[in-house]
Amino acid sequence: MTAYTTRYNKAKRALFERMYSFLNERQREAVFTVDNPLLVLAGAGSGKTTVLVHRIAFILRYGNAYYQNINDDITQEEVEKLESAMDLPLDELPAFLDGLAVGKCPPWAVLSITFTNKAAKEMKERLIKVVGEERGAQDIWAGTFHSVCVRILRRHGIELNIPSNFTIYDAEDSKRLISSIMKDLNIDEKILPVKMISSLISKYKEQLVTPEEAVTPEKDFKMSRILRVYKEYERRLSEANALDFDDIIMKTVQLLKTSESVRDYYQSRFKYVCVDEYQDTNHAQFELAKLLSGKYRNLMVVGDDDQSIYKFRGATIKNILEFDTVFSDAKTVKLEQNYRSTENILNAANAVIKNNVGRKGKNLWTKNGKGDAIVLKKLDDQNAEASYIANSILELAKNENRKFNEFAVLYRMNAQSNAIEKVLARAGVPYRVLGGTRFYDRKEIKDIMAYLCVINNTNDNLRLQRIINEPKRKIGSATLEAIADISANDGISYFEVISNASKYVALAKAAPVLTAFANLIKQFVIISKSETLSSLFAKVIDMSGYRDMLVAAGPAEADRVENIDELISNAVEFENQNDDATLQSFLEEVSLISDIDNYDADADSVVLMTIHSAKGLEFPIVYLPGMENGIFPGVISMSDNEDMEEERRLAYVAITRAKQKLILSHVKERLMFGKTQYNQISRFITEIPSDLLDVQEEIRHRNYMFESKLTAKARREEAISKGIGAPNVFVGKGSAKEKNGDVFVAGDTVIHPSFGRGDVLSARSMGRDYLYEIAFDNFGTKKLMGSYAKLKKAE
DNA sequence: CACGCTCTGCCTGCG
DNA sequence: GCAGAGCGTG
């Protein structure tokens with residue numbers, strides 16, 4: 001080693017630091033730390049995704065070039081060449097540094113795991129930008145925990161006796177299954193609620209505990225019954241060739257633990273593993289990450305213990321708090337500079353979160369300047385609160401020339417959205433609601449999906465049971481019980497039983513209808529093999545009689561008809577986007593998507609969602625209604641200290657979503673679940689130093705709905721001038737829709753053929769139609785679908 | 001077996 | 001305030 005070697009290594013680092021001068025020092029450290037376990041504690045808005053993306057790009061291009069010292073003999077000439085490179089133009093540096101790469105890694109050897117599809121998609125897009133397609137950005141495995149595991153299980157699950165065409169049961173399916181098991185085992189749902197059992201089973205699976213491994217105190221009667229349900233639940237899942245969401249992780253862990261060849265395959269493949277939102281991982285996910293990175297041990301986890309808000313579904317903050325104990329050679333990097341919010345907003349967030357005991361401790365700071373004071377508004381009731389938000393949005397849109405997509409209204413629970421939605425509609429503010437009932441959770445969609453699941457996998461007894469009498473086919477509970485008995489005795493699926501219904505004495509009476517149903521499904525199976533997805537969907541909807549059933553129900557079910565049609569358009573879309581649009585791949589994609597994945601930040605409308613859904617997002621202006629004890633923090637968490645800390649972390653997440661303005665509000669009385677509550681101001685507000693707050697009160701002691709200084713006509717014109725046209729954009733799948741007939745907005749006066757004159761209170765886009773709430777002069781307020789109502793404009 | 005009535009319970013929710 | 005489950009009746 002010559003004297004030049006030290007100088008050489010130093011110059012090399014200086015060059016990399018220069019190349020990454022757009023990052024701060026902490027961020028650079030995380031990017032350059034490539035080998036061994038790494039924990040990045042990334043505060044809200046600290047550029048965590050930037051670090052993840054650039055670190056992967058760095059690994060692919062330069063390997064461990066920054067920290068790997070050169071020990072060979074270095075000549076004076078070589079040192080000087082390196083040192084003079086400091087004068088190179090910045091855009092020539094990356095190519096120059098290629099010569100210094102050490103142990104760079106192929107893209108397919110990098111695995112990046114996130115929680116949501118949205119995060120995975122964003123990650124992929126940014127990788128393509130930074131890494132570039134020519135460097136194989138496409139080949140990086142970037143997916144959610146579930147998509148990664150499903151991929152592994154489809155390919156290797158057979159080693160655990162999981163056939164590759166398994167179906168996935170969502171939370172509702174799994175509750176139905178539990179409920180039917182409890183009936184069979186004669187367990188009273190009033191003593192042991194389904195909800196409780198399902199969450200216990202989920203907890204076991206998150207802890208990787210099988211029913212056999214679960215230990216119960218001898219005399220614990222309840223526990224022993226729960227375990228009996230768990231055992232039977234497992235049996236029926238495997239009989240139906242189905243996995244629930246927890247299984248997807250648990251079985252993958254089991255597979256990696258038991259099969260040496262599968263474990264070797266993945267461990268040798270993944271040289272680098274990154275896990276985002278690590279604070280949200282549960283025990284099973286921790287084991288999975290540990291297993292997948294088990295050979296090279298280059299596991300990087302990124303998270304923020306202060307943003308851990310999913311304890312209730314099994315996330316354990318322990319994973320992050322104990323990371324450096326489990327991996328004793330782990331390095332920890334803290335990102336505390338915030339690039340998102342103003343100082344006032346950050347100070348408020350810091351002041352709230354510092355009341356938590358169980359945390360690593362971090363203090364966010366920013367160079368963004370103080371910014372506006374945080375507004376704290378007190379109002380009469382939830383309607384006044386909603387009106388205030390609507391007025392405030394219109395005012396800021398006008399005075400500060402804000403676009404509607406700069407605003408977000410974040411609430412603790414979905415039930416709060418109703419009052420706000422109504423008023424926004426009246427005020428002509430375009431908005432979208434995320435969350436609540438997902439498109440694929442709607443009954444009619446789940447029914448049609450159940451048909452498709454049975455067509456794909458006739459062993460799926462649960463889905464078969466769901467649709468066998470939907471629409472009505474005169475197959476009642478007595479027949480179903482007989483089918484279940486035969487199925488259990490002969491060890492064959494429900495479908496096999498009904499296919500041979502005439503063979504069984506117990507089914508003699510129902511045999512004709514059962515055979516007809518079995519033939520219908522068999523026909524669908526044939527169609528599924530010869531025709532396109534969309535044509536299969538259309539035939540299922542029509543030939544099953546499902547559409548006729550809805551149409552016969554009249555206008556009340558009009559929106560359901562729209563939804564099943566929307567499902568067909570989704571199939572068409574899916575065909576356009578995928579070369580191999582099989583039924584199996586469609587079902588899989590659908591079972592792994594969520595609403596937030598459809599959030600489109602570019603659409604110009606105010607967005608309403610829960611604080612949970614908003615994690616990872618940011619908005620210039622954020623409203624937080626319902627800052628009241630009993631709402632936020634929620635009533636259930638008020639008695640438990642750990643739950644209270646989770647609520648406080650949720651408050652921290654909520655506050656740190658805001659970039660420029662934060663508006664908190666609370667009300668004197670609130671109508672909720674049909675009851676009036678009188679809540680005190682949220683304890684989290686009292687934790688914010690008062691000098692950060694601009695306290696305003698607007699108490700009128702009277703019932704109060706949206707009042708605008710603008711007339712309905714002026715509001716509408718304003719809305720149209722802003723390019724909104726029709727007032728609201730519907731939830732969920734956001735494809736542009738053709739509307740038939742005249743379209744009305746809140747404030748219009750219309751004539752209905754039988755109800756006469758009325759005023760449109762709200763208009764809501766539903767599929768290709770509109771749902772109007774109309775106050776008729778003589779018939780009261782009614783909700784009508786535009787295409788059925790035959791409305792005419794009055795004037 | 002289907003329909004309509006009453007009763008209940010309801011936070012947050014990844015995939 | 002609303003949806004889904006349970007129950008009684010035709």
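Below, chains carry the letters A, B, ... as their sequence lines are ordered, and counting in each starts from 1. Since this is a predicted model, take the numbers as computed values, not measurements.
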Item to check | Listed nucleotide nearest any side-chain atom of A/Lys195, set B/dG15, B/dC10, B/dA2 | outcome: B/dC10
Checklist entry - To the nearest angstrom, how far is A/Lys443 atom NZ from C/dG4 atom C1'? => result 11 Å
Checklist entry - What integer distance in Å separates A/Ile636:CD1 from B/dG9:P? => result 14 Å
Checklist entry - Considering only side-chain heavy atoms of A/Leu671, which listed nucleotide, B/dC1, B/dT12, C/dG1, is closest? => result C/dG1
Next on the checklist: Expected output check: what is the dot-bracket annotation of DNA chain B, where ( ) and [ ] are pairs inside the strand (brackets for crossing ones), | is paired with another strand, and pairs are Watson-Crick or G-U under 3.5 Å?
Outcome noted: ||||||||||.....
Checklist entry - Which part of the nucleic acid does A/Lys472 contact within heavy-atom distance under 4.0 Å: base, sugar-phosphate only, or nothing? => result sugar-phosphate
Item to check | Phosphate-side-chain proximity, A/Thr610 and B/dG13, N/O vs OP1/OP2 below 4.0 Å | outcome: yes
Checklist entry - Looking at the side chain of A/Glu189, which of C/dG6, B/dC1, B/dT12 is the nearest nucleotide? => result C/dG6
Next on the checklist: Classify A/Ala478 by what it touches in the nucleic acid, base, sugar-phosphate, or nothing, heavy-atom distance under 4.0 Å.
Outcome noted: sugar-phosphate
Next on the checklist: Assess, by modelled atom type and distance only, whether the side chains of A/Asn241 and A/Asn165 contain a donor and an acceptor separated by less than 3.5 Å.
Outcome noted: yes
Checklist entry - Is A/Asp280 touching bases, backbone alone, or none of the nucleic acid, heavy atoms closer than 4.0 Å? => result nothing
Checklist entry - Is the ring of A/Phe245 stacked on the base of B/dC14, with centres less than 5.5 Å apart and planes under 30° off? => result no
Next on the checklist: Can you tell me if A/Ser613 touches the phosphate of B/dG13, counting only side-chain N or O atoms and a distance under 4.0 Å to OP1 or OP2?
Outcome noted: yes
Checklist entry - Passes side chain to side chain donor-acceptor pair (under 3.5 Å), A/Glu646 versus A/Ser637? Steps please. => result CA-CA 9 Å; A/Glu646 175 134 321; A/Ser637 56; over 6 Å; no
Next on the checklist: Regarding A/Glu277 and A/Gln279, do their side chains bring together a donor and an acceptor under 3.5 Å, going by distance alone?
Outcome noted: yes
Next on the checklist: For A/Lys183, is there an ion pair with A/Glu481 - N to carboxylate O distance below 4.0 angstrom?
Outcome noted: no
Checklist entry - Taking only residues two or more places apart in sequence, or in another chain, which ones meet A/Thr656 in a side chain to side chain donor-acceptor pair (under 3.5 Å)? => result none
Checklist entry - When the distance from CG of A/Leu434 to C1' of B/dC14 is rounded to whole Å, what number comes out? => result 15 Å
Checklist entry - Nearest of B/dT12, C/dG6, B/dG15 to any side-chain atom of A/Thr144? => result B/dG15
Item to check | Spacing between A/Arg670 atom CZ and C/dG1 atom C1', to the nearest angstrom | outcome: 15 Å
Item to check | Along DNA chain B (nearest heavy atom to each residue), the more 5'-positioned of A/Asn469 and A/Arg412 | outcome: A/Asn469
Checklist outcome for this item: Heavy-atom nearest nucleotide on DNA chain B taken for A/Ala510 and for A/Arg313; more 5' hit belongs to A/Ala510
Next on the checklist: By the definition side chain to side chain contact (heavy atoms under 4.5 Å, CB included), identify the one residue from A/Ile685, A/Asn679, A/Ile681, A/Val667 that meets it with A/Met627.
Outcome noted: A/Ile685
Item to check | Which nucleotide in C/dG6, B/dG13, B/dC14 has an atom nearest any side-chain atom of A/Phe115 | outcome: B/dC14
Checklist entry - Could you give the CD-to-P distance, from A/Gln416 to C/dG1, as a whole number of Å? => result 16 Å
Checklist entry - So what does A/Ser637 touch, heavy atoms closer than 4.0 Å: a base, only the sugar-phosphate, or nothing? => result nothing
Checklist entry - Could you give the NZ-to-P distance, from A/Lys675 to C/dG1, as a whole number of Å? => result 13 Å
Item to check | Spacing between A/Phe673 atom CZ and C/dG1 atom P, to the nearest angstrom | outcome: 12 Å
Item to check | A/Arg473 to A/Ile467 - nearest heavy-atom pair and separation | outcome: NH1-O, 2.9 Å
Checklist entry - To the side chain of A/Asn414, which of B/dG13, B/dG15, B/dC1 is closest? => result B/dG13
Checklist outcome for this item: Rounded to whole Å, CG of A/Asp247 lies from P of B/dC14 at a distance of 19 Å
Checklist entry - Taking all non-hydrogen atoms of both residues, which atom of A/Val352 and which atom of A/Phe684 are closest, and how far apart? => result CG2-O, 3.7 Å
Item to check | Residue pair A/Leu192 / A/Ile187: nearest heavy atoms and the distance that separates them | outcome: CD1-CG2, 3.8 Å
Item to check | N/O (side chain, A/Ser147) to phosphate O (OP1/OP2, B/dG15) under 4.0 Å | outcome: no
